[in-house]
Protein chains: 4
Amino acid sequence: MADARIPASGHVGPEPGPAAPRRGRPRSEEADRAILAAASEVLAERGLAGMSIEEVAARAGVGKTTIYRRWPSRGTLALDAFLAEFQGQQPLPDTGSLREDLLAALRAWMRSVTGTSTGSILAGLIAEAQRDPGLAVSWRERVVERLRDQHKIMLDRAVARGEIPAETDYEVVLDLLFGAAYHRLLQGHQPLTDQFARQVVSYLVAGLQHT
Amino acid sequence: MADARIPASGHVGPEPGPAAPRRGRPRSEEADRAILAAASEVLAERGLAGMSIEEVAARAGVGKTTIYRRWPSRGTLALDAFLAEFQGQQPLPDTGSLREDLLAALRAWMRSVTGTSTGSILAGLIAEAQRDPGLAVSWRERVVERLRDQHKIMLDRAVARGEIPAETDYEVVLDLLFGAAYHRLLQGHQPLTDQFARQVVSYLVAGLQHT
Amino acid sequence: MADARIPASGHVGPEPGPAAPRRGRPRSEEADRAILAAASEVLAERGLAGMSIEEVAARAGVGKTTIYRRWPSRGTLALDAFLAEFQGQQPLPDTGSLREDLLAALRAWMRSVTGTSTGSILAGLIAEAQRDPGLAVSWRERVVERLRDQHKIMLDRAVARGEIPAETDYEVVLDLLFGAAYHRLLQGHQPLTDQFARQVVSYLVAGLQHT
Amino acid sequence: MADARIPASGHVGPEPGPAAPRRGRPRSEEADRAILAAASEVLAERGLAGMSIEEVAARAGVGKTTIYRRWPSRGTLALDAFLAEFQGQQPLPDTGSLREDLLAALRAWMRSVTGTSTGSILAGLIAEAQRDPGLAVSWRERVVERLRDQHKIMLDRAVARGEIPAETDYEVVLDLLFGAAYHRLLQGHQPLTDQFARQVVSYLVAGLQHT
DNA sequence: TCGTAACCGAGACGGTACGTCTGGTCTTTTT
DNA sequence: AAAAAGACCAGACGTACCGTCTCGGTTACGA
């Protein structure tokens, strides 16, 4: 099975300073690191809802302005702290079979969000995005779209192999696959079991092949 | 098409006082009404994130304690205010065809959450439930489970008609159907169009009939 | 030494109910007792500032209205609870000597206000009277004037014995005697020692006899 | 007659911040002034019992924390607002005669506490000090002891002039003089007339000279 | 080399809302 | 009619954070 991490492109990390002449004292990378580390710590301990800029600044030994200079809001800071760990845990499976690809992708996602605090941080970020439009944009651009683009490659391959028709609506397929998973994560009405993953993929693959 | 609203069973409204002999001055139903009306008003204007207990109390002409006596948190109050409108808008379609039933149910849900502020209030409630465990429980019991129980009846009928196998995993089916829809509502990466609804149902029905 | 307690005249206890025909259920004397006992308890534990009607009602097993029906304010309730103990501890000495009479009266007062919580309750009542005009009136009528009237008898006797002139200004004399003592109680800048009592009386008697 | 105001030594004003290197943004003196002015205003209008931190903050156009950062309690704030006016109204008379010195000092005090709201504010402060130990300490240190130290100078001079014995107990003398006055202020049983002042001083001076 | 621009940590600033407490009143049922 | 119970409106409490601002100081660049 091949495996391709999300390229660490774009940026993971704080807002860049002014592009051009770079006069004055440069931003401290040490501060960047200390802030993200402190944020991760607090996120793991208390979740996003319990994370205040005040506490992150105190733990990082940094002034609050130093944080606000880099991130416009609590949510975007949390996003960067989150991505540092989450990013790269979402593989692009390539098994030669759509069923196995989808199952591997879903299992990888589920592995990330269960067990540790990652799942509830992810849920917290989606929650925060409902009230912070800036975070909503970042979230879509840097997480949702990125992952979807990657997952669409699996579908491309399946089309190329003739497993599914070329007219397949990729967007809807991915909404079905991950929508179901996010649904359980956010509503908590049912657990994210492997049996669940298998069933989801079964119904989905069958549906794609008979439409 | 037959149509059955969710029975207003259980309770919609504030926490009940002590069950037994009801000593002392009874809770004011007038206050109940004023609080819920004020909460609905604020929710529509500013969304859940912008709703403070303080403002609801002021608008309702009520002391803050009168609210805290009935609802343990902002979220549970918002839930009651929300349900007063949302409840009863989710029909139980009975068209004689699984495809049409699922489509009608999904379309009804989409009608509720688009156009007005209901959609973002619903999203706000799910967001709030991520940080308020009490709300999470109420949300599951009074919204999620209730709706799912109702929707399972559609699947029962389809089984009875022989459209789908008796072994069908109802939980997964509903997660696929509504998970996809909630996904678009919460992530906002794609709009909730009727084309989306038709595609979701098509893939799903095909998948159920060929597994 | 003769000794005459303040007659328990006037009233110690709650406001009288309606004078005339006494219809309906009679006031419960049991409640009176329970309230005063509870008030004394709380006063001793937390002082007047820490005594709330709410807590007294709860400890007495009585509704708040039952207290408000009898006493117009926290202060007047505290006054009654206080007087139940303080009243009768202030003797009217009759030793045959002004110096000894004054000294005995001052010592009796000092004995009352030191050692137990009585002193700080008394201070608390004077404090409360600064913000509760009703209490101020009761305090003057039922404590200050009563005690002063009694103490003036000592001065009458001294005049009769020819120890001090008939023109002596009783009011000023008592203000000097007890004013000094209250001063130390309330300001706390110096302790209420027996040495203090003797000095006060010495200066005072000397002053009276040479004016 | 010479006249010496209390030196504005020690401090009149809010709690000092940390002594040493003064890091961070310095406390705003503008805020200090606005708070004290607002407090004085409210004190004059409603008295200490009717003064809330909330209202002072609102009138001063200042956050509540800005007040709490400087003063630990309502009482200590009121004390500073009070002292700004009271301080300096208490002269140190030097007439060459003990009788005249005492009379002048007592009359100055009486002038301060009658007529305007100063008297009831002073009474309110003493009342508040009964329930706020921090205020009690400040009150003793910054008002009582300061004034007494000043007044003892009058007694020193009288001793030097041979008017009274060197063994005179200054503490008791001052307790008699001002105790009587505070007594009338706080108990309200008799008015603070000039006749009262003359009588008090007469008895006291006579007493001192014949003991 | 020197000025100046942008950064740094610290902490005060004006605000908003929190959830609690108490005051004094009102409304039930029970005695 | 008074009792116990407990809900009612009102409003202050002291705290936590928000996002901004002002200090005294530190880097680095460009004149």
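Each chain gets a letter, A, B and so on, in the order its sequence line appears, and its residues count up from 1.
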Value in whole Å for how far the [atom2] atom of [N] lies from [atom1] of [X]:
X      : N      : atom1 : atom2 : answer
D:R23  : F:dT26 : CZ    : P     : 12 Å
C:W71  : E:dG23 : CH2   : P     : 15 Å
D:E30  : E:dC13 : CD    : C1'   : 12 Å
D:D32  : E:dC13 : CG    : C1'   : 13 Å
B:I67  : F:dA10 : CD1   : C1'   : 13 Å
C:R131 : E:dT22 : CZ    : P     : 16 Å
B:E54  : F:dA16 : CD    : P     : 17 Å
D:L77  : F:dC13 : CG    : P     : 11 Å

Discussion item. The test is side chain to side chain contact (heavy atoms under 4.5 Å, CB included); show your working for A:D132 and A:W139 and say whether it passes.
Written reply: CA-CA 10 Å; A:D132 177 347; A:W139 176 255; over 6 Å; no
Measure from the side-chain heavy atoms of [X] and tell me the nearest of [options].
X     : options               : result
B:A31 : F:dG6, E:dC18, F:dC8  : F:dC8
A:R74 : F:dA4, F:dC13, F:dC18 : F:dC18
D:T65 : E:dG15, F:dA5, F:dG19 : E:dG15
B:V62 : F:dA4, F:dC9, E:dG15  : F:dC9
B:K64 : E:dT28, E:dG9, E:dC18 : E:dC18

Worksheet item: Does D:E128 pair with C:R131 as a salt bridge, N-O distance under 4.0 Å?
Response: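 Looking at D:E128 and C:R131, the cut-off is met.
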Worksheet item: Any Lys/Arg nitrogen of A:D32 or A:R27 sitting under 4.0 Å from an Asp/Glu carboxylate oxygen of the other?
Response: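 Between A:R27 and A:D32 there is no salt bridge, as every charged N stays at least 4.0 Å from the carboxylate O atoms.
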Fill in: Nucleic acid contacts - residues 40-53 of chain C versus DNA chain F, non-hydrogen atoms under 4.0 Å
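Within this stretch, nothing sits under 4.0 Å of the strand.
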Discussion item. Please compare A:P26 and C:S73 by the position of their nearest nucleotide in DNA chain E and report the one closer to 5'.
Written reply: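 By nearest-heavy-atom nucleotide position, the 5'-most residue is A:P26.
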Worksheet item: B:Y68 or B:G24: which one's nearest nucleotide on DNA chain E is closer to the 5' end?
Response: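 The residue closer to the strand's 5' end, by nearest nucleotide, is B:Y68.
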Whether [X] contacts [N] is assessed here as follows: a side-chain N or O lying under 4.0 Å from the phosphate OP1 or OP2. Is that the case?
X     : N     : answer
B:R69 : F:dC8 : yes
B:T66 : F:dC9 : yes
B:S28 : F:dA7 : no
B:R25 : F:dC9 : no

Practice prompt. Please identify each residue that fulfils side chain to side chain donor-acceptor pair (under 3.5 Å) with A:R25, with sequence neighbours left out.
Written response: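 Expected list: none.
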Practice prompt. Can you measure from CD1 (D:I121) to CG (D:L79) and round to the nearest 0.5 angstrom?
Written response: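 Going from the CD1 atom of D:I121 to the CG atom of D:L79 covers 11.5 Å.
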Practice prompt. Drop me the distance from C:E54's CD to C:K64's NZ, to the nearest 0.5 angstrom.
Written response: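 The NZ atom of C:K64 is 4.0 Å from CD of C:E54, to the nearest 0.5 Å.
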Fill in: First of C:G61 and D:E55 reached from the 5' end of DNA chain F, by closest nucleotide
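The answer here is C:G61.
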Discussion item. Holding to side chain to side chain contact (heavy atoms under 4.5 Å, CB included), I want the full list of residues that pass it with C:A129, two or more places apart in sequence or in another chain.
Written reply: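 Result, side chain to side chain contact (heavy atoms under 4.5 Å, CB included) vs C:A129: C:L135, C:A136.
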Discussion item. For the backbone of A:S120 and the side chain of B:Q130, can you confirm whether one donor and one acceptor N or O come within less than 3.5 Å of each other?
Written reply: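 Between the backbone of A:S120 and the side chain of B:Q130 there is no qualifying donor-acceptor contact (under 3.5 Å).
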